Amino acid sequence: MEWNLNKTSINLPYSYENLKTLLDTICKKENQFPQVDFCMWCDNLTMAWDEEDLDDQDQLAFGIARDIEAQWDLYWYEFYSHEQLMKMDLTKLELPPDWFKEWVAELVGK
């Protein structure tokens, strides 16, 4: 199936390891990409893997990626209307840093 993937500056294959690497990069504040691009990458991962037969590790990554992309939308809609968000520079928005640490811990089973 061909997906209508989101545009993102992150050009990495969708994998458990790449999700972990990207999360680690954000936790260390070393990311050269905006968080919105990471969330769009996570959304793309969930679309690409939606009907795949995943092993346990990839199933975990799928669930975390789905949570990340959902939390992005839920978090910002608490503070801004849809109209406001459509006019904003989303590259300036950042989710709470502790969330990324929690996602890493969940991903690696800590």
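Note that this is a predicted model, so its numbers are computed, not measured. Numbers for residues simply follow the sequence, beginning at 1.
- Here CZ of Phe38 is found 13.0 Å from CD of Glu94. Values are rounded to the nearest 0.5 Å.
- Under 3.5 Å, the side chains of Trp49 and Asp58 contain no donor-acceptor pair of N or O atoms.
- Side-chain contact between Leu93 and Leu90 is present, with at least one heavy-atom pair separated by less than 4.5 Å.
- Between Tyr75 and Trp99, the distance separating the two ring centers is shorter than 6.0 angstrom.
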Kindly determine whether Thr8 and Asn6 satisfy side-chain hydrogen bond (donor to acceptor under 3.5 Å, both in side chains), including the steps that lead there.
CA-CA 6 Å; Thr8 176; Asn6 300 294; over 6 Å; no

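- Taking every heavy atom of both residues into account, Gln71 and Leu95 meet most closely at O-CD2, 4.4 Å.
- Follow the hydrophobic side-chain contacts under 4.5 Å out from Val36 and you never reach Leu74; the two are in separate clusters.
- Proximity of Asp50 to Phe62: side-chain heavy atoms (C-beta onward) are separated by under 4.5 Å at one or more points.
- At a threshold of 4.5 Å between non-hydrogen side-chain atoms, the residues Leu54 and Tyr16 do not count as touching.
- With contacts defined as side-chain heavy-atom distances shorter than 4.5 Å, the pair Met86/His82 qualifies.
- Phe33 has its ring centre no less than 6.0 Å from the ring centre of Trp41.
- Thr25 and Asn31 share no donor-acceptor pair across their side chains, judged by distance under 3.5 Å alone.
- Distance check, rounded to the nearest 0.5 Å: CG of Leu107 to CD of Gln57 gives 7.5 Å.
- Considering OG1 of Thr21 and CG of Leu12, their distance stands at 8.0 Å, rounded to 0.5 Å.
- Nearest heavy atom pair, residue Glu69 against residue Cys39, reads CB-O, 3.7 Å.
- Residue-environment remark: CG (Asp89) exceeds the threshold of 12 foreign heavy atoms within 6.0 Å.
- Of all heavy-atom pairs between Leu60 and Glu106, the closest is CD2-O, 3.6 Å.
- In this structure the side chain of Gln35 reaches within 4.5 angstrom of the side chain of Phe100, judged on heavy atoms.
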Give the intermediate values and the outcome of side-chain contact (heavy atoms from CB on, under 4.5 Å) for residues Val104 and Lys20.
CA-CA 7 Å; Val104 168; Lys20 182 179 178 309; 5.7 Å; no

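- In this structure, the separation between CG on Asp37 and CG on Asn44 is 10.0 Å, given to the nearest 0.5 Å.
- Counting non-hydrogen atoms of neighbouring residues, nucleotides and ligands closer than 6.0 angstrom, the CG atom of Asp56 reaches no more than 12 such neighbours.
- Residues Ile68 and Leu23 form a side-chain contact, since some pair of their non-hydrogen atoms from C-beta on lies under 4.5 Å apart.
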Checking Lys28 against Asp24 for the salt bridge (charged side-chain N to carboxylate O under 4.0 Å, His left out) test, could you report, in this order, the C-alpha distance in whole Å, the side-chain angles of both residues, the deciding distance, and whether it holds?
CA-CA 6 Å; Lys28 294 176 184 173; Asp24 286 339; 5.6 Å; no

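- Listed here is the closest heavy atom pair of Tyr80 and Leu85: CB-CG, 3.7 Å.
- Taken from OG in Ser15 to CG in Asn18, the straight-line distance is 3.5 Å, to the nearest 0.5 Å.
- Between Ala61 and Leu19, the shortest heavy-atom distance links the atoms O-CD2, 3.5 Å.
- Counting all heavy atoms, side chain and backbone alike, Ala65 lies closest to Cys42 at O-CB, 3.6 Å.
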